[in-house]
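Data block below; observations after.
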Amino acid sequence: MLLDWVPAHFPTDDWGLARFDGTCLYEYADPREGFHNDWNTLIYNFGRTEVRNFLVGSALYWLERFNVDGLRVDAVASMLYRDYSRKAGEWIPNVHGGRENLEAIAFIKRTNEVIGIERPQAVTLAEESTAFPAVSRPTYAGGLGFHYKWNMGWMHDTLSYMARDPIHRPYHHGEMTFGLIYAFNENFVLPLSHDEVVHGKGSLLGKMPGDRWQQFANLRAYYGFMFGHPGKKLMFMGCEFAQDREWSHERSLDWHLLGDASHAGVQRLVRDLNRLYRASPALHSQDFSGAGFEWIDHDDARRSLLSFVRKGRDGQMMLVVCNFAPVVHHGFRLGVPAPGQWLERLNSDSAYYGGSNVGTPLAAATAEAVSSHGRSHSVVLTLPPLATVFLEWTG
C-alpha cells in the first residue's frame, strides 16, 4: 500500500499549525515564497532544521507505525521551483539568483536518505511533472533519491489519444509513441491515478469513444498497451473493473457492476495482465533499460497499429501488438526478431474478457524466413479490433 504524503502543502485550517505561536513558525512568512495560489495552501519553511525534522519524522511515522509500503510524494515540482505557477515579481530567487528552492531540494534528499537507512524496504515515488533531472537517481549520484517517478507525460498523452474517435487517431499517433523517447531517463511509474477520475473528468471508461462495446474494447486495449509498455504499473481503485461513475470519496465503489459481464470481463483481464506480468521477466526485468525494449513498427499511423518486443535478462521475449482501430486484420505479416514459435499468451479481445474472440488460429504463429519490417523472419497474424495481443517467443 502506498500513502499519499504531502509535504508540499501546509494546510491553512484554523486547527492546524499555521502561525502556531502567533508568528510564521513552520511556514515562510513572505507570501511570495510561502503561499500556493493554486491550492490556497501555505508552504513549509524547508530552511528551518525544526521543520525538516518534523517532516522527516512524519514520513517515518507512517512507514514504521502503519507499515505502509511506500510514500507517493505529491506536487514535488511545486517544491523544487520557487517560481512554480508564479508570474514575474511574484517569487523570490534563491541565494544564487536562481529559481530552484535549494532548501526544499536538500530536504527531499535528506528524507529519502533517512528512509533508506531506517526503512530500507520502503519505496518513495515522486509526483513530479517537469523535466527536473535525476529525480529517481540516488543522492550520491546527484539525484533526489526517489525510487520511482510518476510519468505524467505518458498518462496525459495516451489518455488524450484513447479519448479520440478511431477515425482521428491516425493524425495523433505520436501521442502513443512519444513516451519511448524519454522512457529510460528515469525509473518511471505509469499512473492511471486519482487525478484522472475526479473533479469532473469522469471515469476511464467514460473517456473511451464509441458505443458501449467499443468503450470496453478500447479500455481493454489500453490496459494491454499499458502492461506491455516499459515502466511500473499503477491503477486507481475502481479502474480494475471499469467503474462507470466518476470516483467520489463520499461513496463506496460500484461493486455491483461486477454482475455485468462487460465489467467482470475487465476485472478478469486486469487479473490476467498482472499474472502475465509477474510470470514474464521480459515484461518487467528490464523496465528501466533500453535493452529491454525494441520497436517492431511505431510508424503505422494509418492503421493505428503499434508493435514492439519486450526482452528479459534471461533472453525471454514477448511480442506486443496493439490495434487501436475497430477493424480486423487478417493475414497480417509482422517482422519478428527471432525464428521459432510465437505463442499467444493474452488477447484482450477474448470472449472471456467480453471481446469478439478474434485471434490468430491455433493461438500460435511460426516465424517464417520471409523478411518484413526490416527483419529476416516474420509471422502471419489475425489482429482483432480495438485490442492488444501478447505473444511469447518459445523458440
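All values reported here derive from a predicted model rather than from experimental measurement. Positions are given from 1 along the sequence.
Taking both residues in full, the closest heavy atoms of Ala363 and Leu343 are given as O-CD1, 3.4 Å, listed atom of the first, atom of the second, then distance. Scanning all heavy atoms of the two residues, the minimum distance from Gln214 to Asp211 falls at N-OD1, 2.8 Å. Of all heavy-atom pairs between Val358 and Pro384, the closest is O-CB, 3.4 Å. Across Pro337 and Arg375, no two heavy atoms sit closer than the pair N-CD, 4.1 Å. Nearest heavy atom pair, residue Met208 against residue Gln215, reads O-NE2, 3.0 Å. For Phe288 against Phe184, the heavy-atom pair with the smallest separation is C-CD2, 3.6 Å.
A side-chain donor-acceptor contact under 3.5 Å links Arg310 to the backbone of Gly292. Proximity of a side-chain donor or acceptor of Asp157 to a complementary backbone N or O of Met176 within less than 3.5 Å is not detected. Of the possible donor and acceptor atoms, one in the side chain of Glu128 sits under 3.5 Å from a partner among the backbone N and O of Thr130. Under the 3.5 Å distance criterion, the side-chain polar atoms of Glu33 are left unmatched by any main-chain donor or acceptor of Asp30.
Of the charged side-chain nitrogens involved, none lies within less than 4.0 Å of a carboxylate oxygen, so that Arg119 and Glu64 do not count as a salt-bridged pair. A salt bridge between Glu103 and Arg52 is absent, with no side-chain N of the basic residue lying under 4.0 Å from a carboxylate O of the acidic one.
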**Message:** Under the criterion side chain to side chain donor-acceptor pair (under 3.5 Å), I'd like the reasoning laid out for Trp5 against Thr124: C-alpha separation, chi angles, the key distance, then a yes or no.
**Reply:** CA-CA 10 Å; Trp5 189 61; Thr124 59; over 6 Å; no
**Request:** Please report the C-alpha distance between Asp272 and Tyr353 in whole Å, then the side-chain angles of each, then the deciding distance to 0.1 Å, and finally whether the side chain to side chain donor-acceptor pair (under 3.5 Å) criterion is met.
**Result:** CA-CA 10 Å; Asp272 289 352; Tyr353 307 131; 2.6 Å; yes
**Request:** Apply side chain to side chain donor-acceptor pair (under 3.5 Å) to Thr158 and Tyr222, showing your working.
**Result:** CA-CA 9 Å; Thr158 59; Tyr222 182 48; 2.7 Å; yes
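Side-chain contact between Leu80 and Ile105 is present, with at least one heavy-atom pair separated by less than 4.5 Å. Side-chain contact check for Arg48 versus Leu25: some heavy-atom pair is nearer than 4.5 Å.
Screening residues 300-323 for ring pair (Phe, Tyr, Trp, His ring centres under 6.0 Å), with sequence neighbours left out, gives Phe293-Phe308, Trp295-Phe308. For residues 229-240, the set of pairs meeting the salt bridge (Lys or Arg N to Asp or Glu O under 4.0 Å) definition, not counting sequence neighbours, comprises Lys232-Asp287.
Checked by atom type, the side-chain pair Ser378/Arg333 shows a donor-acceptor distance below 3.5 Å. Using modelled atom types and a 3.5 Å distance limit, the side chains of Glu186 and Ser136 yield a donor-acceptor pair.
Taking the ring centroids of Phe324 and Tyr161, they lie under the 6.0 Å cut-off.
Ring geometry for Tyr44 versus Phe46: interplanar angle of 30 to 60°, hence tilted. Aromatic ring orientation, Phe332 versus His373: tilted (interplanar angle from 30° to 60°).
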